[in-house]
Amino acid sequence: MSDAEFTVHTDATIGRIDPETHGHFSEHLGRCIYEGIWEADEADGEGVREDVKELLADLEIPVLRWPGGCFADDYHWEDGVGPKDERPRRRNLFWAQGPEELPEESNAFGTDEFLQFCEDVGTEPYLAANVGSGDPQEAANWVEYCNYDGDTELADRRRENGHDDPYEVKYWGLGNENWGCGGRMSPEQYAREYRRFATYVGTQSGLMLDHDLELIACGFEDHEWNRRFLEEVSKSAWGADFPLDHLTFHHYYGRTMSVAEADEDDFDSFLAGALEMDDHITRIAGAINAVATTRDIGVIIDEWGAWHTEAVSENGLEQPGTALDALSAAVVLDVFNDHSDVVTMTNIAQTINVLQCLVETDAEEAWARPTYHVFDAYAPHKGNEGVRTTVDTPSRELEDDEELPLVGGSASTGDDGTFVTLTNRDCREDHTVTVSLEGTDPEAVEGQLLFGDQDPKAEVSKDNAAEFEPADLDADLDGGTVTVELPAASVATLSLS
């Protein structure tokens, strides 16, 4: 007998799950770029790591955000183009980085290196322009350098630097955390700055470029801040259209939890913190709809993930990669699927070596972390139509009158049938789950299981990385209903046709 029932309403569509929902983020922080993507923090470094490139190409990541993060709002892009031996060494105002952990930037890895890396991996670039210490002309020049195919000095400079054709970068963030490290601006101040930057960047879409730019404004987890920002932007003489295509916020969870010292109660609170993403998306969508509409302005969460007490500036924000963190990523990806009508992109922080990274490296090797396998397992959702689900699940009472639903998931439909993802958020007990599809009777099912044999605190290393790979899941199909046994702290996928 099952103790949780998961019903998929295949006719109750939510919206297309944009592939960009599985996006990623890389910043000049710790070992993300130098020793992560790039082999050395030197002007004569050998270049991109082939092992990292291969892992990310295999994952088919849809979009990669760069160069920050806080780093972006003190970064001047022209420092990182042209001959490497002529590039200036600059401060890194916010982070120590590279093997020497210095607050310095060699600029060995710059615009052309990043965009070539994106082409090699097969992903869309998302560039974050400097609003905090930069100016609109610098941002507009960056767009021209990357995208213009005409006969200007900046377009010719790109060609001289080795890339004849425009990169056609379409995603442009105007600022990062401008309520904090990006200038400590009020929402009204940022709105006025945003309008200036959007004028000089966005105007290029209609005249100089063959493709439209998508402009991304920086929002906040304080959703009153977002409402005030949007109201100030709306006061400009832009007419019916807003000068932005997406509004962002950042959500980290687990900030007070040490992985090494955590117990089962801590696991519950940590996963409840991941589930707070649901409320944040609802509230930012409400702020948008109060002033504009989510039909015109999408929601982006361009930094999210687990951030534990082990990750501090002194170690480049590195923390253990665990099955528990990977479970939390599955929980959040299910939330994104349930909001596929408004979520247009997300970017987990960060891709390599930093925070909840997907790939870890040392000097010789690169290996997949548990979260990598969650993204790989959830890949069939990308491009599908998200559909409504209901779950009848036991829950556990937490402090402050909170409850943790112990079983969750999401579902989508596409040409290959229905795809269901399930999470057992209970780190203590197994749960038997019955899955039924309202409106259709599946005739075949294939399942996979992640972390069924792993302790939630199990840490990945290059020696045990294969132990976190998926295994086949025994799924019992009887009369159109599927029954599965989910071990504690596990993730399952079901492909039904």
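Computed from a predicted model, the values in this text were never measured in an experiment.
Remark: side-chain polar atoms of Asp392 are not paired, donor with acceptor, to backbone N or O of Ala4 under 3.5 angstrom. A donor-acceptor pair is defined here as one N or O able to donate and one able to accept, closer than 3.5 Å; such a pair exists between the side chain of Asn353 and the backbone of Thr361. Looking at Ser106, its side chain does come within 3.5 Å of a backbone N or O of Ala108 through a donor-acceptor pair. The main-chain N or O of Ala262 is found under 3.5 Å from a side-chain atom of Lys457 such that the two form a donor-acceptor pair. The backbone N or O of Gly110 lies less than 3.5 Å from a partner atom in the side chain of Glu113, making a donor-acceptor pair. The backbone N or O of Glu104 lies less than 3.5 Å from a partner atom in the side chain of Gln97, making a donor-acceptor pair. Checked by atom type and distance alone, the side chain of Asn337 never pairs as donor or acceptor with a backbone atom of Ser410 at under 3.5 Å. With Glu60 contributing its side chain and Asp376 its backbone, the two residues share no donor-acceptor pair below 3.5 Å. Asn464 places a side-chain N or O within 3.5 Å of a backbone atom of Ser461 that can act as its donor or acceptor partner. Put simply, the side chain of Glu39 never gets that close to the backbone of Gly47: no donor and acceptor are under 3.5 Å apart.
His373 contributes atom NE2, which lies 10.0 Å from atom CG of Leu59 (distance to the nearest 0.5 angstrom). Taking OG1 of Thr344 as the reference point, atom CG of Leu247 lies at 9.5 Å (rounded to 0.5 Å). For the atom pair CG (Asp112) and CH2 (Trp77), the distance works out to 9.0 Å, reported to the nearest 0.5 Å. Atoms OG1 and CG, from Thr493 and Leu422 in turn, are 8.5 Å apart once rounded to the nearest 0.5 Å. One distance of note links CG of Leu102 with CZ of Arg91; it measures 15.5 Å at 0.5 Å rounding. Between the CG atom of Leu355 and the CD1 atom of Ile348 there is a distance of 9.5 Å, given to the nearest 0.5 Å.
The side-chain heavy atoms of Arg90 and Asp74, taken from C-beta on, include no pair separated by under 4.5 Å. Residues Thr21 and Met345 are not in side-chain contact: their nearest non-hydrogen atoms beyond the backbone lie 4.5 Å or more apart. Side-chain atoms of Glu177 and Trp179, non-hydrogen and from C-beta on, do get closer than 4.5 Å to each other. Residues Asp73 and Val131 form a side-chain contact, since some pair of their non-hydrogen atoms from C-beta on lies under 4.5 Å apart. Side-chain contact between Leu64 and Ser26 is present, with heavy atoms from C-beta onward closer than 4.5 Å. At least one side-chain heavy atom of Leu215 sits under 4.5 Å from a side-chain heavy atom of Leu213. Residues Thr322 and Val460 are not in side-chain contact: their nearest non-hydrogen atoms beyond the backbone lie 4.5 Å or more apart. Residues Thr418 and Ser412 fail the side-chain proximity criterion, which asks for heavy atoms closer than 4.5 Å.
Listed by first and then second residue, the salt bridge (Lys or Arg N to Asp or Glu O under 4.0 Å) pairs that reach into residues 19-31 are Arg31-Glu35, Arg31-Glu318, sequence neighbours excluded. Counting only residues at least two apart or on different chains, the ring pair (Phe, Tyr, Trp, His ring centres under 6.0 Å) pairs with a member in residues 330-370 are Trp304-Phe336.
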May I have the step-by-step check of side chain to side chain donor-acceptor pair (under 3.5 Å) for Trp95 and Ser313, ending in yes or no?
-> CA-CA 7 Å; Trp95 305 113; Ser313 296; over 6 Å; no

Verify side chain to side chain donor-acceptor pair (under 3.5 Å) between Ser258 and Glu310, making sure each step is shown before the conclusion.
-> CA-CA 6 Å; Ser258 164; Glu310 285 85 351; 2.9 Å; yes

Could you walk me through whether His246 and Asp302 pass side chain to side chain donor-acceptor pair (under 3.5 Å), step by step?
-> CA-CA 11 Å; His246 312 268; Asp302 55 10; over 6 Å; no

Mind running side-chain contact (heavy atoms from CB on, under 4.5 Å) on Glu385 and Ile14 for me, showing each step along the way?
-> CA-CA 7 Å; Glu385 190 78 17; Ile14 304 170; over 6 Å; no

Full working for side chain to side chain donor-acceptor pair (under 3.5 Å) between Glu276 and Tyr253 | CA-CA 9 Å; Glu276 290 175 3; Tyr253 47 88; over 6 Å; no

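For CG of Asp120, the number of neighbouring non-hydrogen atoms (other residues, nucleotides, ligands) closer than 6.0 Å is greater than 12. Other residues, nucleotides and ligands place no more than 12 heavy atoms under 6.0 Å from the CD atom of Glu54.
Between His28 and Tyr75, the two ring planes are parallel [angle under 30°; tilted spans 30° to 60°]. Ring geometry, Tyr34 versus Phe109: the interplanar angle exceeds 60°, so the pair is classed perpendicular (tilted spans 30 to 60°).
Looking at Phe71, Phe114, Phe117, Phe25 one by one, the single match for ring-ring contact (aromatic ring centres under 6.0 Å, His included) with Trp66 turns out to be Phe114. Of the residues His24, Arg65, His250, the one that meets the side chain to side chain contact (heavy atoms under 4.5 Å, CB included) test with Asn347 is Arg65.
One side chain, His9 or Thr390, offers a donor N or O that lies under 3.5 Å from an acceptor on the other. At a cut-off of 3.5 Å, with distance as the only test, a side-chain donor of His163 or Glu119 sits close to an acceptor on the other residue. Side-chain polar atoms of His223 and Asn226 form a donor-acceptor pair below 3.5 angstrom. Neither side chain, Thr7 nor Glu438, offers a donor N or O lying under 3.5 Å from an acceptor on the other. A side-chain donor-acceptor contact under 3.5 Å links Thr421 and His381. For Glu485 and Thr432, the side-chain atoms include at least one donor-acceptor pair closer than 3.5 Å.
Ion pairing between a basic and an acidic side chain is recognised when a charged N comes within 4.0 Å of a carboxylate O; Arg369 and Glu360 show such pairing. A salt bridge does not link Asp245 to Lys170: none of the charged side-chain nitrogens sits closer than 4.0 Å to a carboxylate oxygen. Remark: Asp79 does not engage Arg87 in a salt bridge, criterion side-chain N to carboxylate O under 4.0 Å. Remark: Arg428 engages Asp265 in a salt bridge, criterion side-chain N to carboxylate O under 4.0 Å. Taking the charged nitrogens against the carboxylate oxygens, Lys382 and Asp18 have no contact shorter than 4.0 Å, which rules out a salt bridge. Using a cutoff of 4.0 Å between basic side-chain nitrogens and carboxylate oxygens, Arg49 and Asp51 are scored as salt-bridged.
Counting all heavy atoms, side chain and backbone alike, Val420 lies closest to Ala411 at CG2-CB, 4.1 Å. The two residues Pro487 and Asn424 have their closest heavy-atom pair at O-ND2, 2.9 Å. Closest heavy-atom contact between Leu271 and Cys427: CD1-SG, 4.2 Å. Looking at every heavy atom in both residues, Leu115 comes nearest to Pro125 through CD2-CB, 3.5 Å. Smallest separation of non-hydrogen atoms from Ala492 and Leu486: CB-CD2, 3.5 Å.
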May I have the list of side-chain donor-acceptor pairs in residues 465-475 shorter than 3.5 Å, sequence neighbours left out?
none

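Disulfide check for Cys32/Cys357 fails, with the SG atoms at least 2.5 Å apart.
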